[in-house]
Amino acid sequence: MADTMQGLKRTGYCGTFRGSQVGTRVVVAGFVQKIRDKGSLIFVDLRDRTGILQLVFDDATPKELLQKAATVRSEFVLMAAGTLRERASKNPEIPTGDVELFVDDLRILSKAQTPPFEITDQTNVKEDLRLKYRYLDLRRAEMQQTLFLRHKIVKAARDYYDKNGFLEVETPILIKSTPEGARDYLVPSRVHAGEFYALPQSPQLFKQLLMLSGYDRYMQIARCFRDEDLRADRQPEFTQIDVEMSFVDEDDVMTINEGFIAEVFKNVLDVDVKASFRRIPYHEAMNRYGSDKPDTRFGLELVDLTDILKSCEFKAFSGAIETGSVRAINVKGGATALTRKELDKLVEFVKTYKAKGLAYTRISVEGESSSFEKFLTEDEKNAIRKAVDAQTGDVILVVADADNNVVFDSLGALRGNLAAKLNLIPENSFDFLWVVDFPLFEYDPEENRYAAKHHPFTSPKLDEIDKIETDPANTHARAYDMVLNGCEIGGGSIRISNPELQQRMFTALGLDEATAKERFGFLLEAFAYGVPPHGGMAFGLDRLVMLMLGKTSIRDVIAFPKVQNASDLMTDCPSPVDKKNLDELHIAVQKNSD
RNA sequence: GGCCUGGUAGUUCAGUUGGUUAGAACGCUAGCCUGUCACGCUAGAGGUCGAGGGUUCGAGUCCCUUCCAGGUCGCCA
C-alpha cells in the first residue's frame, strides 16, 4: 500500500530553491528522475515541471528511512519533507545546484514500472513509441517547455485581441455539412435517421453571422477539423486563432493582425518584429519564387527564359513554351557543391512534382559541359547567361513544361531543397510578408469548372466584380495570406457582404440557385437583414507555435497528436463500435471484402 | 491511391558474400560503495531479428505478400 500525503503540504516547486533558502524547512513533490545509491549515502533527483531538486539521505538519516530511500526507483511519485542545506559539492549545471534537501520524511505516493523509454530531455526514441506512451513523453522537460510556450502564445492572443476590443465567442462544433472545400468529418444523427452533422473546417460562416449580428470584432481559439491526409505540418484536427472585423478594408485587418504577431513574438520570444510587412502580389510570388508562400530568407529566385527560347531548336523547351514556360534558377557558386551525383538527385526530386526533367549546366572555367546548351545558338546561350547573371562556378538549373504550374511547383520546391542543402537559410530569422492579389478562382480540370481559390465568401476586387462572369480566370480576390519562412501561417479576406453578389459568386462556381439555397440559404437570408462590410483572417496556431519554437513537426507542439493515418496510437482510435450503437444511429457498416 | 525510407534486446543501434551459440552502449535486476550529479566497481537477466510464405543443406541477410511508422505527390474551399 502506498503512502499518503497526510500531514504534509507542498511548500514549493523543486526547481525554485536557491542558496538563499538554506536552513528552511520545505516539502516538495514530484517524480524520481535518477537515484545515485552509494550505500550509506543516497541521492535522489526529484523532478517536477519546474526542474530538479536533489534529495539526500546519509549517515545522519535514521536507518529505516535510508532503507526506504534505497527502494525508490525511476518515475516513482514522491513527497519529501526536510531541511534545505548547502551542498558539500555544488553542481553549477542546474539552477538548484547549490542546495539539497536533507530528508526526514519520505512518502512513496506511487510506485512505477520501468518506463518503456527513459524520461530524459534529449531523446532519439522513435516517435511511434513516444506517441503510444504520450503521457510519459509529456513528462520530458522539452515537451513541458513546448506546452508552456504554447500556453503563453494562446494567452498573448487572448490578451491582445481583448485589448483591441475583440470578443471571444464560441461557435458550434456540430454544424451543417458544406461539401465545398475539404472533406468534412461527419457525425451521424440519432434523432434524425440518415442525417448527419459535420465538424467545422473553420467557424467561417458563424463569424460572418456574428458580424451581421453587430458584434463588430470577434476572435476565437477555434478547433477545426478536416478529413484529409496528414503531413508534417497538417493534423486532422487543429487550432486556429480566428478573427473577424466589421467596417474594415484589407489594410485594417492586416494592420491589427501584424500587431498581434509583433506582440506575441515580443512577449514569448523577446524578438522584435517590424510591423508593416512587405506585400507581394501573388503573380510576383509565383514568378520570383514559384510559390504562393515563398521563403524569402534566401535568394535562388526564378528567372523566366521563355522569351529567349521561344524559337530555339531544343524541342523540350520550345514545345513547352506554346502553353507553358521555361524557367531557371542560378545556383551561385554551386558548381563545387553540386556534384554530378547531386544533380542527378535533383532531377529525380523535380520529377516528384511532375516535371519531365531538369536541365542543368555548370559554368566552368574551360567553357562548359552541358546537357542542353549544345542545342542552343550562341545568341541564346549568351542571352540565358545574361538573364541569370551567370559567372564561372555557377550552376544553372532549368525546368520547362507545357503546364506553368509544374514549372512553378518543381522550381519552387527545388529552391527550398537547394537552400537547405547549401545552408543558405540564416538561423533564427523570421521573415514575414503578405501575399496579396490572389486570383479569385482556380480552374478545376476534374470537375471542369472554376472553384474558389480561397472560399466562396471572398470578395472579388471591387473594380473586377463584373469579371466573375466574363473573365473568371483574371479576377482577383480581396484576400491576403501571411507567410513566415516559407510557411503560410494565416490567411483571410474581405468577405462578400451583398446577397446579390454572393448569389452571383455561387452561380460562377457552378452552384445553381436551388443548391446554393439548400446549402447556404441561411446565409443569403441573413444577408437580407442588413450586413456590415466585414473581413478577417485566421492563424494556424499549431504552425505558428511550431515555427516560433523551431520544431519541424506539428506533432511536437500538440499534446496528443494523431499519426499519419489519422489514428491515435495511445487510445487506439478510431475503433469499431457495438452494433447496438450503430443501430441507434441508423448505420449499417459494410465490411471490407477483397 | 502513388512513390521513397525505416522496422534486430526495454531503448538506440551494429550485424561482412547467405554459414558456428545474433553483438555493443544505455536502461533493468542483484551485490559492494560517504559527496554523487553521464556516479563507480562486480555479476546477471533480457531476442518470435515486425508478421506470413518462399528459395536454399543453411536466411537477420535473397524473393513474394502483408502490417506498422515516417517523409512526400495527389488531396488540403
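Naming: A, B, ... by sequence-line order, numbering from 1 per chain. As a basis for the values below, the full set of heavy atoms in this structure was taken, side chains included, without hydrogen atoms, waters or symmetry mates.
Within 4.0 Å of A/Leu569, counting heavy atoms only, lie sugar-phosphate atoms of the nucleic acid but no base atom. Using a 4.0 Å heavy-atom distance criterion, A/Glu100 is classed as a base contact. Heavy atoms of A/Lys132 sit nowhere under 4.0 angstrom from any nucleic acid atom. Using a 4.0 Å heavy-atom criterion, one finds that A/Glu118 contacts the sugar-phosphate atoms exclusively. Nucleic acid contact class of A/Arg85 (heavy atoms, under 4.0 Å, all strands): base. When heavy atoms are screened at a 4.0 angstrom cut-off, A/Asn124 is found touching the sugar-phosphate backbone but no base atom. Note on A/Leu129: only backbone sugar-phosphate atoms sit closer than 4.0 angstrom, heavy atoms only; bases stay farther off.
Judged by atom type and distance alone, A/Arg36 does not reach the base of B/C33 through any side-chain donor-acceptor pair under 3.5 Å.
By the 5.5 Å and 30° criteria, A/Phe43 is stacked with the base of B/U36.
Pair assignment for B/A69 gives B/U5, based on Watson-Crick or G-U wobble hydrogen-bonding distances that are each under 3.5 Å. When Watson-Crick and G-U wobble pairs are counted only if both distances are under 3.5 Å, B/A59 pairs with no nucleotide at all. With a 3.5 Å ceiling on both atom-pair distances, B/G46 lacks any Watson-Crick or G-U wobble partner. A 3.5 Å limit on both hydrogen-bonding distances identifies no Watson-Crick or G-U partner for B/U21. Across all strands shown, nothing is found opposite B/C33 as a Watson-Crick or G-U wobble partner with both distances under 3.5 Å.
For the pair A/Ile52 CD1 and B/C39 P, the computed distance is 11 Å after rounding to whole Å. Nucleotide B/C3 holds its P atom 19 Å from the CZ atom of A/Phe349, rounded to whole Å. Look at CD on A/Gln54: it is 10 Å from P on B/U36, rounded to the nearest Å. A/Arg87 has its CZ atom 13 Å from the P atom of B/C39, to the nearest Å. Regarding A/Phe117, its CZ atom lies at a distance of 10 Å from the C1' atom of B/U11, rounded to whole Å. A straight line from CD1 of A/Ile554 to C1' of B/G70 spans 16 Å, rounded to a whole angstrom. Atom pair A/Phe57:CZ and B/U36:C1' shows a separation of 14 Å (rounding to whole Å applied). The distance between atom CD1 of A/Ile35 and atom C1' of B/A38, rounded to the nearest whole Å, is 15 Å.
For the P atoms, the distance linking B/A25 with B/G58 amounts to 35 Å, nearest Å. With both ends at atom C1', the span from B/G71 to B/U8 equals 23 Å, rounded to whole Å. Distance check on atom C1': B/G15 versus B/U55 gives 22 Å, rounded to whole Å. B/G52 sits 14 Å from B/A59 when the P atoms are compared, rounded to a whole Å. Taking atom C1' on both B/U17 and B/C73, the two are 38 Å apart, rounded to the nearest angstrom. Using P as the reference atom, B/A14 and B/G50 are 13 Å apart when rounded to the nearest Å. Going from the C1' atom of B/C49 to that of B/U21 covers 16 Å, rounded to whole Å. With both ends at atom P, the span from B/U36 to B/U72 equals 47 Å, rounded to whole Å.
Checked for salt-bridge contact, A/Asp98 and A/Arg18 miss the test: no charged N lies under 4.0 Å from a carboxylate O. For the pair A/Lys341 and A/Asp344, the salt-bridge criterion is not met [side-chain N within less than 4.0 Å of a carboxylate O]. Note on A/Glu100 versus A/Arg85: salt bridge recorded, some NZ/NE/NH1/NH2 to OD/OE distance being below 4.0 Å. Ion pairing of A/Arg226 with A/Glu237 is absent here, as no side-chain N (NZ or NE/NH1/NH2) approaches a carboxylate O to less than 4.0 Å. For A/Lys345 and A/Glu348, the salt-bridge test fails: no basic side-chain N is under 4.0 Å from an acidic carboxylate O. A salt bridge links A/Asp137 with A/Arg130: the distance from a Lys NZ or Arg NE/NH1/NH2 to an Asp or Glu carboxylate oxygen falls below 4.0 Å.
Taking the six-membered ring where the residue is Trp, A/Phe457 and A/His455 present tilted rings, their angle falling between 30° and 60°. In this pair, A/Phe438 and A/Tyr282 present their aromatic rings tilted. The plane angle is within the 30 to 60° band.
Taking only side-chain atoms of A/Lys126, from C-beta outward, the nucleotide of B/U29, B/A69, B/U12 with the closest atom is B/U12. Of the candidate nucleotides B/C39, B/A69, B/C28, B/C39 has the atom nearest to the side chain of A/Lys38. Here B/A69 is the nucleotide among B/G27, B/A69, B/G35 with the atom lying nearest to any side-chain atom of A/Ser567. For A/Val125, taking side-chain heavy atoms from C-beta onward, the closest of the listed nucleotides B/C37, B/U11, B/A69 is B/U11. Comparing B/A69, B/G35, B/C26 by their closest approach to the side chain of A/Ala88 singles out B/G35.
Scored by the side chain to side chain contact (heavy atoms under 4.5 Å, CB included) test, A/Lys354 finds A/Val406 as partners (sequence neighbours excluded).
Aromatic rings from A/Tyr353 and A/Phe349 are positioned such that their centres are separated by under 6.0 Å.
Heavy-atom distances to RNA chain B give each of A/Pro116 and A/Asn91 a nearest nucleotide, and the one nearer the 5′ end belongs to A/Pro116.
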Quick tally for nucleotides 71-76 of chain B: nucleotides whose base has a protein heavy atom under 4.0 Å get B, sugar-phosphate-only ones S, the rest -, giving BBBBBB
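Phosphate contact (OP1/OP2 of B/U29, side-chain N/O of A/Arg73, threshold under 4.0 Å): present. For A/Ser74 and B/C28, the shortest distance from a side-chain N or O to OP1 or OP2 is below 4.0 Å. Residue A/Asn565 places at least one side-chain N or O under 4.0 Å from the OP1 or OP2 atom of B/A69.
Within a 6.0 Å radius of NZ in A/Lys562, more than 12 heavy atoms belonging to other residues, nucleotides or ligands are found.
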